[in-house]
Participant: 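Have a look at this one.
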Amino acid sequence: MLESILERLSEAQREAVTHVEGPLLILAGPGSGKTRVVTHRIAYLLARGVSDAEILALTFTNKAADEMRNRLAQLAPGNRVWLGTFHRFCAQQLRRHAPLVGLKENFSILDARESQRVVQEVVEKLQLQHALISPESIGRAISNAKGEAITHHAYQAARFDPASQILVQVYPEYARRLLAANAADFDDLLMHFVTILRENPELRAEYDRRYRFIMVDEYQDTNLTQYSIARALSIDHPNLAVTGDPDQSIYGWRGADLNNILEFEHDFPRVRVVRLERNYRSTRSIVDAAQALIERNRRRKAKTHYSEKEQGPPVRVVQYPDGQTEARSIAGSIRDQITNGGCAASDFAVLYRVNSLSRVLENAFREYGLAFQIVKGVEFYSRQEVRDIISYLQLLNNPANDVALKRIINTPARGIGATTVKHLEDFAEQAQLPLWEACRRSGTIDGIAPRSALQVVRFVALMDNLHACLTHPVSSLVHAVIEDSGYSTALRDSHDPSDQDRLSNLHELVTAAREFEEHSTLDPTLENFLEQTALVNDTDDLQAGEQVTLMTLHAAKGLEFDAVFIVGVEQGLIPHRRRDADADRDEEEERRLLFVGMTRARSALQLSFAGRRSLHNKSETAIPSPFIFDLPRDLIEFSTASADLPAGAAEGLFDPASSAGSGVDDEYCQEPGPDEPYFELDGERNTRRGDRPARPGGGPASISTAAELFQLPQAFPESSPGSAAAHESSAAVDTAGGQAGRNGQDGTAFQIGSWVAHPDYGTGQIVWRERAASLEFVKVRFCDNPKLRRFAVKHSPLRIVAGPQSE
DNA sequence: ATTCGCAAAGTTTTT
DNA sequence: CTTTGCGAAT
């Protein structure tokens with residue numbers, strides 16, 4: 001049993017897997033088999049007799065949790081280890097102990113927009129509008145404070161800082177409103193749990209005992225609050241194992257604190273540190289170039305990435321005259337390699353720093369008739385119409401939820417205007433009642449016209465009727481809300497074509513509810529469904545189909561592709577120029593971002609920059625990113641592409657296995673000529689960067705307040721390494737976070753470029769695909785109409801008439 | 001109460 | 001250039 005878990009692990013991997021007691025830090029470089037190690041370690045603990053109820057595995061994203069769960073299920077079928085996101089874990093615990101922080105167990109979870117809305121209201125109410133400090137930045141500041149476990153009681157304004165002067169007023173009122181609405185924002189889920197642990201030592205000890213073995217994934221992304229949770233549960237039983245990679249920390253801007261991982265050894269003395277440095281994913285050229293880049297960072301832990309795969313072709317660095325040429329050339333190259341090089345579209349990814357760069361690429365890909373998908377951030381559950389219906393459900397579940405009530409009291413329009421709502425609010429505030437109770441008393445409130453009061457009464461009756469449906473299955477309740485609220489009628493009667501999309505999204509919500517009933521491991525209650533919709537986003541699934549993937553560098557984390565293009569590697573883009581351009585700290589994070597992007601590639605990698613870049617329709621001269629100069633000359637191949645591409649010409653990124661083929665036909669891809677190269681990748685400039693002055697900062701990281709919150713005991717059991725017979729079979733080729741299609745829908749039929757027929761609109765061509773809530777959507781341009789129409793493939797009468805063709 | 005029009009802004013993103 | 005939000009007008 002133990003043997004079978006340990007076979008096919010490298011020595012370093014095995015060391016991590018067999019570590020049982022005591023703190024463990026796994027520094028896992030890209031492609032080093034991290035997920036494999038985590039899942040195998042859990043399986044190993046189980047095999048050694050640890051009860052599955054004693055193990056807690058925390059991740060940041062549902063995607064990571066799903067992947068781990070699936071892989072663990074294969075190693076330890078039927079296990080009941082708690083494995084999931086921080087937020088879900090905390091939400092569940094918070095339900096149990098809600099009264100300890102002034103909530104009730106049926107509290108609602110506000111999404112980012114809703115909580116921002118509340119911030120805005122508070123700012124207006126307190127008359128704190130400030131010319132330079134936007135409500136958004138105040139919201140961010142509150143979120144940051146919560147990410148450091150600073151409650152509104154504890155928050156102190158820095159004396160002369162105008163932003164914190166405002167915050168010190170807004171934060172408490174914001175917190176008060178959320179409590180009054182029996183609601184928590186995302187950050188609250190974690191912070192309230194920390195508060196509970198902090199104020200209830202016996203409860204903390206109980207949790208500590210209950211979860212004797214804790215694992216935290218992507219530890220470099222933890223903020224102080226998350227750190228505090230992990231730490232609080234690892235005092236009496238400090239068997240905390242974290243995996244992470246400081247070099248892949250790219251979320252500092254959202255509160256992730258690199259110190260948590262850099263100081264782990266300090267916070268947990270006698271920690272075992274395992275470095276997974278071998279990269280099983282990429283060729284040596286790629287790994288070595290990425291290593292050279294990341295070595296320039298100072299705030300990191302020494303770690304040398306290496307590969308024992310073949311050398312592979314050098315990393316290509318290409319200069320294009322402008323962004324359009326860049327896009328076309330890449331599209332041409334990919335098309336060429338698909339038609340001549342035997343590659344599949346799904347082998348390729350194009351990465352960029354900012355979403356706005358996707359547009360040129362989109363156009364070029366369309367022009368070249370390539371199937372592609374853009375991974376974007378609009379989540380199904382945050383669409384307006386979906387959010388509206390969810391608000392009805394939230395109000396049914398938690399009548400105190402004023403945020404939800406205000407959202408839907410007049411959606412769809414039912415004659416309850418701003419004035420009426422204002423009166424209701426005033427009354428509610430005066431009487432210290434939820435808005436909902438004010439609605440019940442609308443007839444008795446001064447200032448509300450009888451006609452308006454009647455409408456409110458009808459709204460109350462509507463909700464009361466729906467309330468009677470609470471005993472029905474969630475999906476029928478959702479259906480009832482959509483129908484009885486008048487929402488579906490309003491959409492059906494609308495002349496705005498996009499309202500039809502909205503309607504199909506709502507049908508999809510019913511389907512999601514049904515799937516939840518049938519497949520969820522949780523009780524299919526309304527409350528659990530609401531939690532699901534708040535904490536899960538359905539679009540982090542990539543489609544599997546045959547298409548090139550376009551996405552931001554951030555979105556690429558955890559994925560891998562045979563060939564990767566990174567575009568716009570220019571000053572101002574990578575590193576990105578910010579408003580408050582501060583410090584090396586940011587530059588290092590940007591370098592890590594490029595490092596993450598580069599290490600997505602298995603066998604071919606190209607970085608490119610342009611001489612001119614038009615962004616927001618302004619064309620400006622562009623200068624190559626300084627990071628380009630960090631790459632060692634002997635690992636890269638530099639070339640310049642000229643402006644006038646022969647249509648359809650392509651350069652080879654791959655040296656295809658048969659490098660003779662259509663590999664590098666350099667019609668517009670020459671070595672930089674002697675005639676004043678605009679840009680020269682020169683050894684001298686390259687080395688000069690090496691000896692720049694040492695940074696003064698970087699001092700000892702201040703030890704987090706969490707250390708004061710939760711003291712560690714002086715001693716804990718000596719770690720006992722499992723004595724597994726070590727025979728090396730280092731064939732462990734694992735793709736950490738490797739992405740496989742696990743969506744049901746087959747991607748072959750409805751492709752970009754396919755011709756389809758519709759009974760009403762005639763024939764048209766698919767120009768866009770997307771996926772939301774396990775449903776596939778396409779946009780179609782019909783012959784007689786320039787306007788795009790969007791359809792849910794499953795529900796639409798579309799019929800394929802011809803395969804993909806370029807226009 | 002809805003609709004229209006104009007102004008302003010425009011990193012990255014999970015939960 | 002595009003999107004989004006707010007304010008004025010009907």
Side-chain angles (χ1 to χ4, degrees), chain A residues 58-65 84-91 94 109-117 120 124 134-136 140 143 146-147 184-191 193 217-218 221-223 225-226 249-256 351-360 363 375-379 381-382 384 410-421 451-452 455 490 494-496 531-540 551-558 568 572-581 586 589-590 592-594 596-597 614-619:
Chain A
L58 297 170
T59 66
F60 280 83
T61 64
N62 292 300
K63 189 164 93 177
T85 64
F86 266 103
H87 285 83
R88 188 183 283 276
F89 177 72
C90 291
L94 195 52
I109 300 171
L110 264 47
D111 77 358
R113 279 181 85 97
E114 288 163 343
S115 42
Q116 183 57 46
R117 185 79 227 161
Q120 199 132 335
E124 281 162 25
S134 65
E136 289 75 31
R140 230 176 298 129
S143 177
K146 290 183 174 180
D185 64 25
F186 286 133
D187 302 308
D188 281 337
L189 298 177
L190 308 187
M191 189 180 73
F193 187 51
D217 189 33
E218 304 280 13
D221 288 340
T222 49
N223 61 28
T225 303
Q226 288 154 336
S249 163
I250 54 176
Y251 288 111
W253 51 275
R254 135 183 138 184
L351 311 181
Y352 35 81
R353 176 64 234 265
V354 296
N355 278 311
S356 41
L357 286 185
S358 71
R359 176 150 269 122
V360 241
N363 293 337
V375 178
K376 43 156 196 20
V378 206
E379 309 118 35
Y381 288 116
S382 61
Q384 183 181 270
N410 200 33
T411 312
R414 49 173 73 90
I416 304 174
T419 336
T420 307
V421 173
R451 207 172 76 112
S452 307
Q455 301 297 52
S494 159
H495 295 292
D496 181 348
E531 189 167 303
Q532 180 83 358
T533 58
L535 299 182
V536 163
N537 110 16
D538 213 285
T539 54
D540 36 43
M551 62 188 153
T552 63
L553 288 162
H554 282 93
K557 191 176 175 195
L573 277 171
I574 321 181
H576 197 272
R577 174 199 295 141
R578 294 133 193 278
R579 265 203 288 270
D580 44 351
D586 292 337
E589 179 151 319
E590 297 284 316
R592 292 194 291 267
L593 189 53
L594 186 57
V596 166
S614 47
L615 219 52
H616 309 318
N617 216 30
K618 275 199 299 281
S619 177

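Sequence lines set the chain letters: A, B, ... in the order given, protein chains first and strands last, and positions in each chain run from 1.
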Participant: Picking from B:dT14, B:dT15, B:dT11, which would you name as closest to the side chain of A:Thr85?
Facilitator: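 That would be B:dT15.
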
Participant: Please determine, by modelled atom types, if A:Gln532 and A:Arg88 share a side-chain donor-acceptor pair under 3.5 angstrom.
Facilitator: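 Yes, A:Arg88 and A:Gln532 have a side-chain donor paired with an acceptor closer than 3.5 Å.
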
Participant: If I pick the P atom on B:dT13 and the same atom on C:dT4, what distance separates them, to the nearest angstrom?
Facilitator: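 Going atom to atom, P in each nucleotide, I get 15 Å.
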
Participant: Kindly say if A:Asn62 contacts the phosphate of B:dT15, meaning a side-chain N or O under 4.0 Å from OP1 or OP2.
Facilitator: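 For A:Asn62, the contact criterion (side-chain N or O under 4.0 Å from OP1 or OP2 of B:dT15) is met.
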
Participant: For the P atoms, the ones on C:dG5 and on B:dT12, what distance do you get once it is rounded to whole angstrom?
Facilitator: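 To the nearest whole Å, 16 Å.
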
Participant: Looking at the side chain of A:Thr61, which of B:dA1, B:dG10, B:dT14 is the nearest nucleotide?
Facilitator: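 Minimum distance to the A:Thr61 side chain belongs to B:dT14.
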
Participant: Can you identify which nucleotide, out of B:dT13, B:dT15, B:dT11, has its nearest atom closest to the A:Ala555 side chain?
Facilitator: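 It is B:dT13.
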
Participant: Locate the shortest heavy-atom distance separating A:Gln226 from A:His87; write the atom from each residue and the value.
Facilitator: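 Looks like NE2-CE1, 4.4 Å.
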
Participant: If you assign each of A:Arg414 and A:His554 to its closest nucleotide in DNA chain B, which residue comes earlier from the 5' end?
Facilitator: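 The residue mapped nearer the 5' terminus is A:Arg414.
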
Participant: Inspect the contact between A:Glu589 and A:Arg592 and indicate whether a charged nitrogen and a carboxylate oxygen are less than 4.0 angstrom apart.
Facilitator: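 Answer for the salt bridge query: yes.
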
Participant: Ring centres within less than 5.5 Å and planes less than 30° apart: is that true of A:Trp253 and B:dT12 in this structure?
Facilitator: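 Yes, the aromatic ring of A:Trp253 stacks with the base.
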
Participant: Both A:Arg88 and A:Leu593 contact DNA chain B. Which one's nearest nucleotide lies toward the 5' end?
Facilitator: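 Final value for this comparison: A:Leu593.
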
Participant: So, A:Trp253 versus A:His554, ring centres under 6.0 angstrom or not?
Facilitator: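 Ring centroids of A:Trp253 and A:His554 are less than 6.0 Å from each other.
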
Participant: Any side-chain N or O of A:Asn355 less than 4.0 Å from the OP1 or OP2 oxygen of B:dT12?
Facilitator: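 Looking at the OP1 and OP2 atoms of B:dT12, one of them is under 4.0 Å from a side-chain N or O of A:Asn355.
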
Participant: What pairs with A:Asp111 under salt bridge (charged side-chain N to carboxylate O under 4.0 Å, His left out), at least two apart in sequence or on another chain?
Facilitator: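 Per chain and number, A:Asp111 pairs via salt bridge (charged side-chain N to carboxylate O under 4.0 Å, His left out) with A:Arg387.
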
Participant: Can you tell which of B:dT11, B:dT12, B:dT15 lies closest to the side chain of A:His616?
Facilitator: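 The nucleotide sitting nearest to the side chain is B:dT11.
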
Participant: Please tell me which of the listed nucleotides, B:dT13, B:dT15, B:dA1, lies nearest to the side chain of A:Asn410?
Facilitator: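 Minimum distance to the A:Asn410 side chain belongs to B:dA1.
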
Participant: For nucleotides 2-10 of chain C, just jot down a letter per nucleotide in 5' to 3' order: B, S or -, based on protein non-hydrogen atoms under 4.0 Å.
Facilitator: ---SS----

Participant: Round to the nearest Å and state the distance from A:Phe186 atom CZ to B:dT14 atom P.
Facilitator: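 Result: 11 Å.
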
Participant: Is there a side-chain contact between A:Phe89 and A:Leu189 in this structure, where contact means two heavy atoms from C-beta onward sitting under 4.5 Å apart?
Facilitator: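 The answer is no, as the side chains (C-beta and beyond) never meet within the 4.5 Å cut-off.
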
Participant: Of the listed nucleotides (B:dT13, B:dA1, B:dT15), which one gets closest to any side-chain atom of A:Thr552?
Facilitator: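 The answer is B:dT13.
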
Participant: Starting the side chain at C-beta, find the nucleotide from B:dT11, B:dT13, B:dT15 nearest to A:His87.
Facilitator: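 Nearest nucleotide to the side chain: B:dT15.
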
Participant: According to salt bridge (charged side-chain N to carboxylate O under 4.0 Å, His left out), who are the partners of A:Glu218, at least two apart in sequence or on a separate chain?
Facilitator: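 Residues passing salt bridge (charged side-chain N to carboxylate O under 4.0 Å, His left out) with A:Glu218: A:Lys34, A:Lys557.
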
